[in-house]
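Just so it is clear, the values below take in all heavy atoms, side chains as well, and ignore hydrogens, waters and symmetry mates.
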Amino acid sequence: MAAARLRLLSSGLLSPAVSRTRHSSSLQGLRALSTLSTTLGSGAGEDEIERIRREFEDAKRNYLSIPVAIKDMAKMNPQGIYVNKNVKLDDLQVYGFDYDYTLSHYSEHLQCLIYDLAKKHLVNELKYPESCLQYEYDRGFPIRGLYYDRLKGCLLKLDFFGSIEPDGCFFGRRKLSLSEIKELYGTRHIGRDQARQLVGLMDVFCFSEACLLADTVQHFVDAKLEFDASYVYEDVNQSIQHVHRSGLIHRKILSEPQKYLIKNSQVFRFLKMLREKGKSLFLLTNSPFYFVDGGMSYLLEDEHFDGNSWRELFDVVIAQANKPTFYNSDHPFRVYDTQKDTLAFTAVDKFLPNEVYYHGCLKSFLQITKWRGPEVIYFGDHLLSDLRGPAKAGWRTAAVICELEDEIEIQNGDNYRFQQAKLSIIHDLLGKVHATVVSTEKGQVYRALLDELNAERRQCRSAMRDLFNSSFGATFLTDTGRESSFAYHIHQYADIYTSKLENFLSYAPESWLHPPHDIKIMPHNAKVPASLFSGS
């Protein structure tokens with residue numbers, strides 16, 4: 001393990017130009033902690049525990065000395081493209097795109113709007129108490145990738161292996177303790193039977209849903225009313241779906257596009273670049289055409305087209321596709337009349353320029369276009385609705401995850417990396433302290449040291465979590481340092497992932513994207529090992 005960690009030194013994480021002398025004073029505090037790792041290795045026993053205690057106290061006094069080594073570590077690119085599976089861009093001939101949060105991005109006002117409209121539907125149509133109207137959307141509460149337990153009413157953050165994060169379980173707006181989690185679930189690990197009662201909240205639109213679920217549960221708790229958590233989910237989800245399917249949200253956005261839509265000329269540059277290089281493009285979205293047309297017209301109104309419409313950027317435009325059903329159904333395509341707002345009755349056996357199509361299915365799409373397997377890449381933001389179907393069909397897949405950029409910026413910061421370095425050292429110490437055999441008489445001293453190390457670990461985890469989200473922490477990582485369940489879905493269904501489409505403009509069209517050989521799960525999550533601060 002030590003040899004593997006030392007490879008970081010040879011891989012360029014530390015600048016070779018930085019001398020040992022320059023680092024010695026700034027690394028003194030963290031080296032003191034690292035020294036504990038080597039002293040434990042001798043298996044000294046009781047006297048060793050006492051010596052570790054003294055060295056641990058010395059090290060804590062030097063924590064504020066931020067090491068130069070952290071400042072010189074290579075930083076991850078917030079606008080980078082991160083790779084789970086090899087993708088050769090030159091082999092891609094067909095580019096497909098979702099619309100919402102892929103081609104278009106929205107301001108923070110949108111989540112408040114969805115929350116308010118759904119809240120009013122709960123009260124006015126489903127007859128929830130009017131006191132529910134007092135709640136407001138809390139943008140600092142939810143993150144993407146949470147789960148709602150329909151039986152127990154808890155909002156959960158899971159790790160890569162399906163275990164509940166110790167600080168990631170809320171009943172209403174109250175965080176449950178680890179003992180409460182174990183009392184409720186028996187264990188932190190979610191088994192297959194329990195997993196069936198969980199609902200994943202995987203896209204950005206789910207932020208408002210997660211917040212409304214927690215607030216509704218909290219309302220019943222505060223009012224001391226009995227309730228069935230599954231009914232709460234059904235009603236909240238129905239209200240959220242009503243906001244979308246009724247067109248309320250679409251009409252509101254189009255009435256004030258400058259408030260909700262974020263213009264970005266770089267997206268147009270990317271699409272135009274693909275067309276100029278002879279690539280085929282298609283749009284596949286669940287949104288109705290009038291909404292997409294209004295949004296794209298606004299987003300690209302300042303751009304100059306060779307033709308008359310944004311639709312000329314695409315070979316095929318498909319709206320109301322009903323993903324994920326689109327990928328495994330036999331629904332026929334229908335030609336949509338954009339002037340009359342009607343669907344034609346004639347069969348669709350080819351896609352014509354400037355036509356718009358509704359519904360359809362993957363099977364018919366492949367039969368008509370003859371676009372096959374790895375020559376097609378599809379971009380979307382929802383890992384399950386957008387990307388799971390294409391991944392199973394053999395297409396290449398790209399996840400657009402807007403939170404990625406901010407989270408990498410935080411991980412690049414000295415504060416985060418300093419806390420991560422401390423946490424790595426403490427983990428090493430805890431492992432070796434656990435391996436030290438002590439007599440019964442010295443057991444109290446042994447446990448006291450363990451308690452202090454565990455307290456230090458909790459402090460590091462809390463400090464790192466609060467840099468991201470005070471309720472649930474980072475989207476891609478848990479407080480324990482493991483990748484989150486959301487990261488698992490990215491790893492499973494996205495060949496590549498990035499924060500926005502225009503990041504591809506920084507890569508040559510013939511680039512061969514491949515994952516780093518020394519990163520096994522999520523390539524953007526840098527690791528700071530304890531050995532980085534050890535003396536030779």
Side-chain angles (χ1 to χ4, degrees), residues 7-18 68-90 92 95 101-103 105 143-145 204 262 264-267 269-271 273-274 377 379-381 383 387 396-421 464 467-469 473-477 481 483-484 486-487 490-491 494-529 532:
R7 283 200 297 268
L8 284 172
L9 293 172
S10 61
S11 65
L13 288 180
L14 283 178
S15 170
V18 179
V68 174
I70 289 179
K71 292 181 177 291
D72 292 336
M73 282 182 59
K75 296 186 177 182
M76 308 306 292
N77 181 7
Q79 291 83 38
I81 298 172
Y82 293 94
V83 188
N84 290 320
K85 300 176 186 176
N86 290 336
V87 175
K88 196 172 183 180
L89 296 183
D90 204 31
L92 301 175
Y95 285 70
Y101 285 105
T102 302
L103 288 173
H105 287 271
I143 62 172
R144 197 189 326 200
V204 183
I262 300 174
N264 185 356
S265 61
Q266 298 303 306
V267 172
R269 276 189 59 207
F270 175 57
L271 298 177
M273 181 269 290
L274 293 175
I377 185 169
F379 293 78
D381 72 294
L383 300 172
L387 302 184
R396 310 316 303 268
T397 53
V400 178
I401 307 170
C402 53
E403 304 98 311
L404 181 65
E405 195 164 324
D406 287 340
E407 295 214 355
I408 291 178
E409 292 281 10
I410 292 172
Q411 288 192 30
N412 282 340
D414 288 344
N415 193 1
Y416 176 86
R417 294 193 172 199
F418 178 62
Q419 295 294 338
Q420 192 184 39
M464 293 167 69
L467 291 172
F468 297 95
N469 176 288
T475 302
F476 304 91
L477 288 171
E483 272 76 9
S484 65
F486 181 70
I490 297 176
H491 189 68
D495 294 340
I496 54 180
Y497 63 101
T498 191
S499 61
K500 49 184 180 288
L501 289 176
E502 58 266 30
N503 293 341
F504 280 81
L505 291 170
S506 300
Y507 291 75
E510 62 276 6
S511 295
W512 185 9
L513 307 177
H514 55 83
H517 296 295
D518 57 342
I519 301 293
K520 302 305 181 185
I521 300 179
M522 299 296 289
H524 79 272
N525 290 324
K527 306 297 188 291
V528 183
L532 187 64

Undergrad: If you look at every heavy atom in I143 and G473, which pair is closest and at what distance?
TA: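 Closest approach of I143 to G473: CG2-O, 3.9 Å.
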Undergrad: What pairs with F270 under ring pair (Phe, Tyr, Trp, His ring centres under 6.0 Å), at least two apart in sequence or on another chain?
TA: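 Listed in chain order: F504.
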Undergrad: Is the closest side-chain heavy-atom distance between E483 and F476 below 4.5 Å?
TA: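 In short, these two side chains do not touch, never coming nearer than 4.5 Å.
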Undergrad: Given I490, which of I496, T475, L383 fulfils the side chain to side chain contact (heavy atoms under 4.5 Å, CB included) condition?
TA: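 It is L383; the other options fail the test.
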Undergrad: Just by distance, do the side chain of N469 and the backbone of A474 share a donor-acceptor pair under 3.5 Å?
TA: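 Flag not set: sc N469 to bb A474 has no pair under 3.5 Å.
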Undergrad: Does the side chain to side chain contact (heavy atoms under 4.5 Å, CB included) test come out yes or no for N264 and L501, once each step is laid out?
TA: CA-CA 10 Å; N264 185 356; L501 289 176; over 6 Å; no
Undergrad: Looking only at heavy atoms, what is the nearest atom pair of R144 and I401, with distance?
TA: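 Nearest pair, atom of R144 first, then I401: NH2-CG2, 3.6 Å.
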Undergrad: Check whether any side-chain heavy atom of L505 lies under 4.5 Å from a side-chain heavy atom of Q266, and answer yes or no.
TA: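 Touching, per the 4.5 Å side-chain cut-off.
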Undergrad: Is the closest basic N to carboxylate O distance between E502 and R269 below 4.0 Å?
TA: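 Looking at R269 together with E502, the answer is no, because their closest N to O distance does not fall below 4.0 Å.
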Undergrad: Report yes if the side chains of H105 and V267 come closer than 4.5 Å at any heavy-atom pair, otherwise no.
TA: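 H105 vs V267: side chains apart.
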Undergrad: Got a sec, which residues hit side-chain contact (heavy atoms from CB on, under 4.5 Å) with N412, two or more places apart in sequence or on another chain?
TA: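 In terms of side-chain contact (heavy atoms from CB on, under 4.5 Å), with neighbours along the sequence ignored, N412 is linked to K75, M76, P78, I408, R417.
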Undergrad: Report the C-alpha distance between T498 and Y82 in whole Å, list the side-chain angles of each, state the deciding distance to 0.1 Å, and finish with yes or no for side chain to side chain contact (heavy atoms under 4.5 Å, CB included).
TA: CA-CA 6 Å; T498 191; Y82 293 94; 5.9 Å; no
Undergrad: Output all residues satisfying salt bridge (Lys or Arg N to Asp or Glu O under 4.0 Å) with E409, sequence neighbours left out; order by chain, then residue number.
TA: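 Partners of E409 under the salt bridge (Lys or Arg N to Asp or Glu O under 4.0 Å) test: none.
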Undergrad: With rounding to the nearest 0.5 angstrom, report the NZ to OG1 distance, K500 to T102.
TA: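 Here the rounded value is 14.0 Å.
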Undergrad: Quick check against the 3.5 Å criterion: does Y507 have a side-chain atom that pairs as donor or acceptor with the backbone of I81?
TA: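 Between the backbone of I81 and the side chain of Y507 there is a qualifying donor-acceptor contact (under 3.5 Å).
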Undergrad: Is any side-chain heavy atom of F468 less than 4.5 Å from a side-chain heavy atom of I410?
TA: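 In short, these two side chains touch, coming nearer than 4.5 Å.
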Undergrad: Which pair of heavy atoms, one from M464 and one from Y416, lies closest together, and at what distance?
TA: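 Of all heavy-atom pairs spanning M464 and Y416, the closest is CE-CE1, 3.5 Å.
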Undergrad: If we ignore hydrogens and angles and just use 3.5 Å, is the side chain of S499 paired with the main-chain N or O of L404 as donor and acceptor?
TA: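 Not at all, since once roles are kept as given, no pair shorter than 3.5 Å links the two residues.
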Undergrad: Report yes if some heavy atom in the side chain of N86 is under 4.5 Å from a heavy atom in the side chain of P515; otherwise report no.
TA: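 The answer is yes, as the side chains (C-beta and beyond) meet within the 4.5 Å cut-off.
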Undergrad: Using every non-hydrogen atom in the two residues, find where V204 and C402 come nearest and quote the distance to one decimal.
TA: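 Of all heavy-atom pairs spanning V204 and C402, the closest is CG2-SG, 4.2 Å.
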Undergrad: For L89, does its backbone N or O pair with a side-chain atom of R396 as donor and acceptor, under 3.5 Å?
TA: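 Checking the backbone N and O of L89 against the side chain of R396, no donor-acceptor pair under 3.5 Å is found.
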Undergrad: At their closest point, which heavy atom of T397 faces which heavy atom of I377, and how far apart are they?
TA: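 Closest pair (atom of T397, atom of I377, distance): N-CG1, 4.1 Å.
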Undergrad: Enter the distance from D414:CG to Q419:CD here, rounded to the nearest 0.5 Å.
TA: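 Reported value, rounded in 0.5 Å steps: 11.5 Å.
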